[in-house]
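Reading through the structure tokens given below for one structure.
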Amino acid sequence: MAEVICLCNEVWDLDLREYLDSHPISSIEELREQASICNKCMQCQDLVEGEIYQARMRRQQAQG
């Protein structure tokens, strides 16, 4: 079941994972620069950074 990650932008975890899996984002700053998914409200920073980390690990596993 999908959960809201960022309340101020109404970003769902599944949408964020899909975006991160198709874009090589490695930091929350890159995400802010490349997409309007995350602004600087900081409410969801830990969750978003966790998703970025998990996406990076999935990319590394797929390569290795």
Once side-chain contact (heavy atoms from CB on, under 4.5 Å) is applied, do any residues pair with [X], and if so which ones, sequence neighbours excluded?
| X | result |
| --- | --- |
| Q63 | none |
| E30 | I25, S26, S27, Q34 |
| D21 | A55, R58 |

#### Entry: L31 and L16, any side-chain heavy atoms less than 4.5 Å apart
yes
### Message
Name the residue from I28, D13, V11 that meets the side chain to side chain contact (heavy atoms under 4.5 Å, CB included) definition with V48.
### Response
I28
### Euclidean distance, E18 CD relative to L14 CG, rounded to 0.5 Å
8.5 Å
### Message
Please report the interatomic distance CZ(R59) to CG(L20), rounded to the nearest 0.5 Å.
### Response
7.0 Å
#### Entry: Inter- and intrachain pairs under side-chain hydrogen bond (donor to acceptor under 3.5 Å, both in side chains), touching residues 43-55, at least two apart
R17-E51, Q45-E49
## Note on the structure
residues 19-50 vs ring pair (Phe, Tyr, Trp, His ring centres under 6.0 Å), sequence neighbours excluded, gives Y19-H23
